[in-house]
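Working notes, structure below.
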Amino acid sequence: MALCLRRAVSLARCRYSTQTDVSTSTLPKPRIDYRDISENVVYKSHNAFNRKAPISVGAVQDIDRLYRARRELSNTLNSKRHAQSLMGERIRQAGKDVQAKNLALEEAKALKVDVLQLGNQLSGIEDKLLSLALAVPNDTHPLAPLGPESAALELSTHGPDPIPSSPSRDHVSIAHALDLLDLESGATTTGSSWYYLVNEAALLEMALTNYGLSVAIKHGFTPVTTPDVVRSDIAKRCGFHPRDHATDPPVAQMYHLSGSADPSSSSHPELVLAGTAEIPLAGMFANKVFEVKQLPRKVVGLGRAFRAEAGARGADTRGLYRVHQFTKLELFAVTEAHKSEELMEELREVQVEIFDGLGFPFRVLDMPSEELGASAYRKYDMEAWMPGRGSWGEISSTSNCTDYQARRLHIRYRPNPPPSSDPEPPSSQSSGLPFAHTLNGTAVAVPRLIVALLENGARFNETGDVVGLNLPSVLKPFWLGNNGRRNIVQWT
Amino acid sequence: MALRLRRAVSLARRSGRCRYSTQADVSTSTLSKPRIDYRDISENVVYKSHNAFNRKAPIPVGAVQDIDRLYRARRELSNTLNSKRHAQSLMGERIRQAGKDVQAKNLALEEAKALKADVLQLGNQLSGIEDKLLSLALAVPNDTHPLAPLGPESAALELSTHGPDPIPSSPSRDHVSIAHALDLLDLESGATTTGSSWYYLVNEAALLEMALTNYGLSVAIKHGFTPVTTPDVVRSDIAKRCGFHPRDHATDPPVAQMYHLSGSADPSSSSHPELVLAGTAEIPLAGMFANKVFDVKQLPRKVVGLGRAFRAEAGARGADTRGLYRVHQFTKLELFAVTEAHKSEELMEELREIQVEIFDGLGLPFRVLDMPSEELGASAYRKYDMEAWMPGRGSWGEISSTSNCTDYQARRLHIRYRPNPPPSSDSEPPSPQSSGLPFAHTLNGTAVAVPRLIVALLENGARFNETGDVVGLSLPSVLKPFWLGNGRRNIVQWTRLHDALSQDSV
């Protein structure tokens, strides 16, 4: 497998000092396409509104205005600089003509002041432009439904017919009856919505991750284990907001590590616990330029997702449905721009294969505009039927982020040169290279799948007590077994 | 499998109606103060002092004597207080008996008032002494096994060696070079995404993490350990009760060994207890047994927990922090056990056997060391470390550590058991008071520390071609049943035990 193109330092001779590698790990500012915004103000404004993006009214028009002002200012600055460059010659040519010389020196001084002032103005405009543009959400796929979560479009359903909902199928009851889940110790050790998986539930975590990995690997995804701590900056560039500023006071969605919250200190960048392996996986591709033949890059990453879930209430936070930490296997891909829609369908196929094998009823939804967040151009969610909860519950989410993350993380590629009689030398400037498209999707979110498997697969005796579990036989090759201390699993 | 005995609320009646509110479950999760055996310290001042010195425990000189002094003062004070209270209880009668005798009545009232002031004052003094006692006693390290060697790390005693003869050390066997040549490790992206000593395992290294954890789990399960997955965030208080110090106060300024979560560092706020990232799954595993009383027939409790270990590793320098040897996060499979006091030494040998079986299967040269007094930390009574030969590093490197913490953690986490009543003709009813029940003994040991084993496997198992380039890996066949396979290339050869030597001939 060809190593992806890396920076100047040859990897074979890489040594990593114990100092924080600041210089290689601070990314340049995101490269937003201001012209695209300026030329599509109406679309971008409506799109931001439809997506309920947290940007101010008129922000898109401001970007257009600032973009054009910047262009003018930039032109003015350039002509002033050009005039400045001619001053040296004029001063020389003035020779002994003191009056002419003084005039020239005055002009040069004035030009210098102008250039400085214009430079500052330009800098200020660029900062403002970037700040506004970063808040503009990605475009939306024309086929994505419009509206809130309820407007989602069911694309397909899979698996057996959903069995009737029933409180006896509540996964918490089943888990307690079979000694599979310890929420009480989680509360003692850490707090509410923290937990231990015990016995067959722990075996299920192993089997599900191994199974999901094997399917993804079969489809050409490179297996990777990810760090669970990431720079807050990287999370933001992926489109995540560590704090939900819509609330007052702002509510933390991610856990921050203390002693790391000094953003001005480059030696102690702000660190957070990753809310999804999507973030460290995206980080693997930051600041890279790929050859087309190296694309698509497809990785499947095993990580833990940490979520503060502030504000979550009710039935969701009971049991395993919404917890603060869980193991998640994530698909991530980098591809040429025109191939991302095709790759999204491939991710969907991989996930459908994984869940088909698990044998519970599930459906694929095309998510509507208000559910797309900041980064997704299009999003498919998958939901499993959970008879104990009496509803469909999300088990997977897949997004095509097009160039939203790539522009912020600087992920580019060298397209194939167009066929032409006089071959142009490939542009060595990376600034002109197109941005790649990135995609991500959940392969396995362990607790959600455990909820679905327990609620669909619990076996009861005549008196209505739960006595065992029916589990899908795709997991059997990955089943470690409980040493014969008990045998509650039947394979279906 | 019988559910272990839990606190007052019966689990069977709660199942189906368990509700966990979104509020921090403070009342059930705040543990009472640790129960240190002050009398034991008081009766063994010389031993405890010498022991603390031998272990280089961070307690002030004379602290043990202070404990003895305070313990005896507390006892006297307690006696005085009790007699004053007794006198107080008699005052009511005396006042009544004074009847219409105003002078006698006033005298009695005066006395009662004086007694009340005394009782209050003595009560405060006693409280102050108890706080001081606890604070000093918590810093006293566990006792030390008589056979544990005395001294620093270099005094460790080699108990046994296993596996093939160590191959000669060689820079070409450096695991970082091998990993880069085979595209197994991404440290550069780790630096970009997080910082130095953060990393991604890629390709066969990722498969090795899966295979090693599955393999380790299967061995532990076979030996009767219950599989468990653990939370990686724990209350700082729980970590301290296990014997871990989130900050190393020996340095100036104190250096954080654990990562703290911000917004949680207000110790006075019970609704936002201080949270840290666990430095080892030992901590959340110990937390599973906190505040519990077991019946003897429920012991030993043996669990094997899969978790991530997060370590700030502040102050670590040099070759250690290069590559995978000392990193900030790694996956670790941990054995943990709770047992009756007189059975802990036997159980330590059982843990050792399991670990030897795991590492024997991996075909690595390794040795078992009885760790000396200065390496025992706060909680261990005895500690065995295991080290694998790492030819790229040119030294033995720790792959496992096992401790018998006797009652050190149990006293702090309140883990007790009801011993079998002694055989007796007049059967005594079992004491319902848990305050008199003995504390259990806890043990812990590393089953699989993923990066250390990857270092050992890469450095011992790399295969080279004639020109000295690394072209593949020989891996132990015990991992094959757990190998997911990479489909796109085949760089792995499976070897039986002791085949590694012959593979090294090129």
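Both backbone and side-chain heavy atoms feed into the values below; hydrogens, waters and symmetry mates do not.
Of the atoms belonging to A/Phe326, not a single heavy atom falls under 4.5 Å from chain B. Using a 4.5 Å cut-off between heavy atoms, A/Tyr255 contacts chain B through its side chain alone, with no backbone atom that close. Only the side chain of A/Leu273 comes within contact range of chain B, with heavy atoms under 4.5 Å apart. B/Thr230 touches chain A through backbone and side chain together, each having a heavy atom under 4.5 Å away. Both the backbone and the side chain of A/Asp228 come within less than 4.5 Å of a heavy atom of chain B. Residue A/Ile217 touches chain B through its side chain alone, counting heavy-atom pairs closer than 4.5 Å.
A/Tyr196 places no side-chain N or O within 3.5 Å of a backbone atom of B/Leu285 that could act as its donor or acceptor partner.
Most heavy-atom pairs under 4.5 Å with chain B: of the set A/Gly301, A/Pro223, A/Ala202, this distinction falls to A/Pro223. In terms of non-hydrogen atom pairs under 4.5 Å with chain B, the most contact-rich of A/His324, A/Met206, A/Arg304 is A/Arg304. Chain B forms more heavy-atom pairs under 4.5 Å with one residue of A/Leu213, A/Val323, A/Leu302, A/Ile279 than with any other, namely A/Leu213.
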Could you go through B/Thr331 and A/Thr225, starting from their C-alpha distance and side-chain angles, then the distance that decides it, and tell me whether this counts as side chain to side chain contact (heavy atoms under 4.5 Å, CB included)? CA-CA 10 Å; B/Thr331 297; A/Thr225 69; over 6 Å; no
Walk me through it: do A/Arg231 and B/Thr193 pass the test side chain to side chain contact (heavy atoms under 4.5 Å, CB included)? CA-CA 6 Å; A/Arg231 292 177 201 254; B/Thr193 298; over 6 Å; no
Do A/Asn210 and B/Phe482 pass the side chain to side chain contact (heavy atoms under 4.5 Å, CB included) test, and can you show the C-alpha distance, the side-chain angles, and the key distance before you say yes or no? CA-CA 9 Å; A/Asn210 280 278; B/Phe482 309 101; over 6 Å; no
When you look at A/Asn287 and B/Thr192, which way does the side chain to side chain contact (heavy atoms under 4.5 Å, CB included) test go after all the steps? CA-CA 9 Å; A/Asn287 239 1; B/Thr192 303; 5.9 Å; no
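Every pair passing salt bridge (charged side-chain N to carboxylate O under 4.0 Å, His left out) that includes a residue from residues 189-204 of chain B is listed here, sequence neighbours excluded: B/Glu204-B/Arg489.
Contact annotation: the side chain of A/Lys288 approaches that of B/Ser189 to within less than 4.5 Å [non-hydrogen atoms, C-beta and beyond]. Between B/Leu261 and A/Leu257, the closest side-chain pair of non-hydrogen atoms falls below 4.5 Å.
For the residue pair B/Ser218 and A/Leu480, the shortest heavy atom distance occurs at CB-CD2, 4.2 Å.
Residues passing the side-chain contact (heavy atoms from CB on, under 4.5 Å) test with A/Thr190, sequence neighbours excluded: A/Trp194, B/Pro231, B/Val233, B/Val234, B/Leu275.
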